[in-house]
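Indexing begins at 1, ligand by ligand and atom by atom, following the structure's order.
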Amino acid sequence: MKNPFSNVVLLLSTIISFCFLLGSCQDEEMNAPVENPEEFVDALPREVLYPANNPYTPEKEELGRLLYWDPVLSGNKDVACVSCHHPSLGYADGLVLSQGVDGVGLGMQRSGGVFTRRNAPTVINTAYNGIDKAGRYDPETAPMFWDNRAASLEEQALLPMLSMEEMKGTSIAEEDIIDTIIQRLNAIPEYQQRFGEAFGSEGIDRERMLAAIATFERSITANNSRFDQYMRGNNSALNSREIGGLNAFINVGCADCHSGPMFSDFELHTIGVQDNVSPADRGASNRFDFRTPTLRNLNVTAPYMHNGAQRSLEEVLEFYEEVAEGDDDQRNPNVSEGQLDPDIRDLELDEDQIGEIIAFLNTLNDNSFDQTIPDRVPSGLPVGGNIH
Ligand code: HEC
Ligand code: HEC
C-alpha cells in the first residue's frame with residue numbers, strides 16, 4: 001500500500017509551488033509594460049501659462065522676487081515668504097511643521113517661531129497646479145494649499161500675510177495688515193520705481209503686490225527631469241529598473257490619484273494620514289481629505305504628507321503597504337473604514353515593487369530650478385528675515 005504521508009507531501013509541495021508561481025505571476029503583472037504611459041502621467045510643458053490679467057514682464061518677475069525675500073511684508077518685519085520656502089531647501093523648509101512669526105534660523109536650525117498646522121509644500125512648479133492629463137490648466141483658478149482653499153497663486157500669496165502664525169504676528173490687526181504693508185512699500189522709493197516699471201504706470205496696491213509675487217513664483221519651475229526627457233522621446237533617459245518602476249507605479253494604482261504631468265489629480269482624498277498634534281492645534285481638526293501632492297522633486301521636499309511625519313519615501317511606501325493590507329496601526333483612528341478612499345485599499349504592493357517605485361520616483365527630480373538669492377532687498381532689512 002502507498003504511504004498516505006507521501007500524498008500529503010505531494011499535495012503540500014504542489015500548493016507551495018502553485019503559490020510561488022502565483023506570487024511571481026502577480027509580480028510580473030504589476031511590472032508588465034504599460035502601452036501608453038502618457039494616458040496616466042506625462043512630461044510637463046516647457047512653458048508656463050500666465051493669467052490674462054497678469055501677463056509676464058521681466059521687471060515684474062524681479063520685483064516679485066524682491067517682495068518674496070523682503071520681511072517688510074510681515075507684521076514684525078521678521079518673516080519673509082522665503083523663511084519657509086527657501087531655494088536651498090527645495091522652496092520648502094525641511095521641517096515637519098513650519099515656524100513663522102518670532103522664528104530665528106532656517107530649516108532644521110529654525111527655533112522659537114509660532115508653528116503652522118501643516119507641512120510647507122514646495123513653491124517649485126506651483127505654476128502648473130491644476131494641470132490635467134491632457135495638459136490643460138487655468139492659472140486663474142489653479143488650486144493651492146493642502147485643502148485647495150485658494151485658487152491661483154495671486155489669491156494664495158495674500159493669505160500668509162494675513163495669517164497670525166505665518167507672517168502677521170499679533171501686533172497688527174488682520175483688517176489693518178495689508179494697508180500697513182502697502183504704506184510701508186509706498187515709503188520706499190525703490191519700490192515706487194520698480195512697481196512703476198513692472199506695471200507701466202505709477203502706484204503700489206494690493207493687487208499689484210500679489211501679481212508680482214505670483215509672477216516670480218511662476219518662474220520657479222523644474223520641468224526637465226529624466227522622466228520628462230524620457231516622455232519626450234529620449235528612451236535612454238531611464239534605465240530598465242526605473243522603467244519597471246514606472247510600470248509598477250501605474251499598474252499598482254498610484255496613478256489613480258498621482259496622475260498627469262504633476263503626478264496629481266488636484267483632488268482631495270482621504271488616505272488616512274494622521275493629523276499632527278502640533279503646538280498650533282486649536283482643538284482636533286475634522287478634516288481628513290487632502291489634495292494629492294505632486295511627486296516631483298521629492299529629493300528636496302522631505303518630510304512628507306500634510307502632517308510632515310514621514311521622513312523618507314520608504315516610510316511613505318510602508319504606510320501605503322500597511323493601509324492597503326488593512327493593518328490599521330498607521331491609519332488615522334478617526335477615519336472610518338467607509339471614509340477611506342477605496343483606491344488605497346486596492347493598492348497591490350510588495351517589497352520588490354516598493355524598491356522599483358522609489359527608483360522611478362527619483363527620476364522625477366530636477367534641480368535646475370532658479371536658486372538665486374538677492375544680495376539685498378529694497379527695505380534694507382535682512383534678506384529673507386531672521387533666517388541667518
Ligand atoms: C511660516 C511659514 C510660511 C511662510 C512665511 C509662508 N508660507 Fe507658504 N506655506 C506654508 C505652509 C505651512 C503651507 C501649507 C498650508 C496649508 O496647506 O494649509 C504653505 C503653502 C503655500 C503655497 C501652496 C503650494 C501648493 O502647491 O498648494 C504657496 C504657493 C505658498 N505657500 C507661497 C507662499 C508665499 C508667496 C509666501 C509669502 C507671501 C508664503 N508662502 C509664506 C508656510 C509658509
Ligand atoms: C487615493 C489616492 C491616492 C493613491 C492611490 C496614492 N496616493 Fe499618494 N497621496 C495621496 C494624498 C491625498 C496624499 C497626501 C495625504 C496627506 O498628506 O494627508 C499623498 C501623498 C503621497 C506622498 C507624499 C508626497 C509629499 O510631498 O508629501 C508620496 C510620496 C506618495 N503619496 C506616493 C504614492 C505612491 C508611490 C502611491 C502608490 C503606491 C500612491 N501615492 C498612491 C493620494 C493617493
Pairs under 3.5 angstrom, nitrogen or oxygen on both sides, ligand 1 versus protein: list them out, please.
unit_1   : atom_1 : unit_2 : atom_2 : d
ligand 1 : 7 (N)  : His85  : NE2    : 2.9
ligand 1 : 7 (N)  : Glu166 : OE1    : 3.2
ligand 1 : 9 (N)  : His85  : NE2    : 3.0
ligand 1 : 17 (O) : Trp146 : N      : 2.8
ligand 1 : 18 (O) : Arg118 : NH1    : 3.0
ligand 1 : 18 (O) : Arg149 : NH1    : 3.0
ligand 1 : 18 (O) : Arg149 : NH2    : 3.3
ligand 1 : 26 (O) : Asn129 : ND2    : 3.1
ligand 1 : 26 (O) : Arg291 : NH2    : 2.9
ligand 1 : 27 (O) : Phe145 : N      : 2.6
ligand 1 : 27 (O) : Arg291 : NH1    : 3.2
ligand 1 : 27 (O) : Arg291 : NH2    : 3.2
ligand 1 : 31 (N) : His85  : NE2    : 2.9
ligand 1 : 31 (N) : Gln156 : NE2    : 3.2
ligand 1 : 40 (N) : His85  : NE2    : 2.9

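In the vicinity of Gly253, heavy-atom distances shorter than 4.0 Å reach the ligand 2 atoms 5 (C). Close approach to Ile271 involves these atoms of ligand 2, each under 4.0 Å from a residue heavy atom: 9 (N), 10 (C), 11 (C), 13 (C), 15 (C), 19 (C), 42 (C). Applying the 4.0 Å criterion to heavy atoms of Cys257 picks out, from ligand 2, the atoms 1 (C), 2 (C), 3 (C), 4 (C), 5 (C), 42 (C), 43 (C). Listed by number with element, the atoms of ligand 2 under 4.0 Å from a non-hydrogen atom of Asp341 are 1 (C). Ligand 2 places these atoms under 4.0 Å from at least one heavy atom of Tyr304: 23 (C), 25 (C), 26 (O), 27 (O).
When non-hydrogen atoms are compared, ligand 2 lies under 4.0 Å from the side chain of Leu295 (C-beta onward) but not from its backbone.
Between His258 and ligand 2, an N or O atom pair is found at a separation short of 3.5 Å. Between Met305 and ligand 2, at least one N/O pair is under 3.5 Å apart.
Asp78 places a side-chain N or O within donor-acceptor distance of the main-chain N or O of Asp102, the cut-off being under 3.5 Å. Within the 3.5 Å criterion, the main-chain N or O of Gly253 finds no donor-acceptor partner in the side chain of Asp346. Of the possible polar contacts, one joining the Asn297 side chain to the Asp366 backbone as a donor-acceptor pair under 3.5 Å is found.
Relative ring orientation between His86 and Trp69 is described as perpendicular, the plane-to-plane angle rising above 60° on a 0-90° scale split at 30° and 60°.
In summary, no N, O or S atom of Thr292 is located under 2.8 Å from atom 8 (Fe) of ligand 2.
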### Task
Run the numbers on Phe227 and Phe263 for ring pair (Phe, Tyr, Trp, His ring centres under 6.0 Å), then give the verdict.
CA-CA 12 Å; Phe227 167 77; Phe263 289 77; 5.2 Å; yes
### Task
For salt bridge (Lys or Arg N to Asp or Glu O under 4.0 Å), just list the numbers for Asp70 and Arg65, CA-CA rounded to whole Å, side-chain angles, deciding distance to a tenth of an Å, and then say yes or no.
CA-CA 9 Å; Asp70 201 333; Arg65 183 196 307 280; over 6 Å; no
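More than 12 heavy atoms of other shown residues, nucleotides or ligands fall within 6.0 angstrom of atom CZ in Arg232.
With respect to the salt-bridge test (charged N to carboxylate O, under 4.0 angstrom), the residues Glu197 and Arg194 do not qualify. In summary, Glu166 and Arg117 do not engage in a salt bridge, as defined by a charged side-chain N under 4.0 Å from a carboxylate O.
Checked against the 6.0 Å centroid threshold, Phe290 and His306 count as a close aromatic pair.
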